[in-house]
Amino acid sequence: MAEISALCVYCGSSGRGAKSHLDAAAKLGRQLADRNITLIYGGGRVGVMGKTADATLDAGGEVVGIIPRFLDEYEIGHTELTRLEIVDSMHERKSRMAELSDGFVILPGGLGTLEELFETLTWKQLGLHTKPIIVVDLAGFWRPVRTLIDSIIEQGYAQPENVGLLTFVPTIDDIFPALAKLPSGVSKVDSKWL
Ligand code: AMP
């Protein structure tokens, strides 16, 4: 496994989803703190994002939030983080989050989370990074995404091997065992152009 000292968690800014999603976020926060892994996330204090950050901090862990200035008031920037970086744009936010992280974990979320998942996946498809991407498929939350990717592959728009760029796990407890099994720095990219 690649050495993991910081993990980027992408997840919802809403807290109106299932309580089990908030519980899962809290569990992940505690596991990050226990393992001395810094949480890198979007910097808000609301929703699944806020819950992940609060649980990490409550368990004594380190949390770095990255939030664009214009979003600070909507997502209500967390004021008790180890560090909150305020940036000028969404693009800057995402590249900074990627730069600081050794891997990505995707929890339930909305359209923003979906965009973040696909950006991270497509950057990996292009060989721009080789970091693990763990999709936590709580109670099948992300199954429609998997179905869509399978259909895209079936119709010739992505390579079958590229589904392996994502690692789907069913629960929070499966994240670290999955990371331990992944080879570090997988760099083979199956190009759709060949
Ligand atoms: P959501 O899943 O929609 O609650 O959003 C989760 C996170 O993604 C929040 O921090 C949003 O600010 C962020 N987000 C929303 N739209 C985008 C986008 N187009 N690109 C990147 N991040 C986004």
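Whatever order the structure lists them in is the order used to number ligands and atoms, beginning at 1.
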Side chain or backbone of [X] under 4.0 Å from ligand 1, or both, or neither, by non-hydrogen atoms?
{"X": "L114", "value": "neither"}
{"X": "E119", "value": "neither"}
{"X": "T113", "value": "both"}

Can you give each donor-acceptor pair under 3.5 Å made by side-chain atoms of residues 145-152, sequence neighbours left out, with the distance rounded to 0.1 Å?
{"from": "R146", "atom 1": "NE", "to": "D150", "atom 2": "OD1", "distance (Å)": "3.3"}
{"from": "T147", "atom 1": "OG1", "to": "R143", "atom 2": "O", "distance (Å)": "3.0"}
{"from": "S151", "atom 1": "OG", "to": "Q155", "atom 2": "NE2", "distance (Å)": "3.2"}

Show the atoms of ligand 1 that are less than 4.0 angstrom away from any heavy atom in [X].
{"X": "L71", "result": "12 (O)"}
{"X": "K94", "result": "20 (N), 21 (C)"}
{"X": "C11", "result": "6 (C)"}

**Request:** Could you tell me whether G112 and ligand 1 have an N or O pair separated by under 3.5 Å?
**Result:**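 N/O-N/O distance under 3.5 Å: yes.
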**Prompt:** Is the shortest N/O to N/O distance between G110 and ligand 1 below 3.5 Å?
**Reply:** yes
**Mutual orientation of the aromatic rings belonging to H129 and F104 [parallel < 30°, tilted 30-60°, perpendicular > 60°]** = tilted
**Request:** Starting from atom 19 (N) of ligand 1, locate the nearest protein heavy atom and write down its residue, its atom name and how far away it is, to 0.1 Å.
**Result:** E115 CG, 4.0 Å
**Request:** Could you tell me which residues satisfy side chain to side chain contact (heavy atoms under 4.5 Å, CB included) with D173, sequence neighbours excluded, listed by chain and number?
**Result:** K27, Q31, T171
**Asked** Is the shortest distance from a Lys or Arg side-chain nitrogen in R93 or E85 to a carboxylate oxygen in the other one below 4.0 Å?
**Response**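 Between E85 and R93 there is no salt bridge, as every charged N stays at least 4.0 Å from the carboxylate O atoms.
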**Item:** T56-R30 side chain donor-acceptor pair, cut-off 3.5 Å
**Value:**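 Result is no, nothing qualifies.
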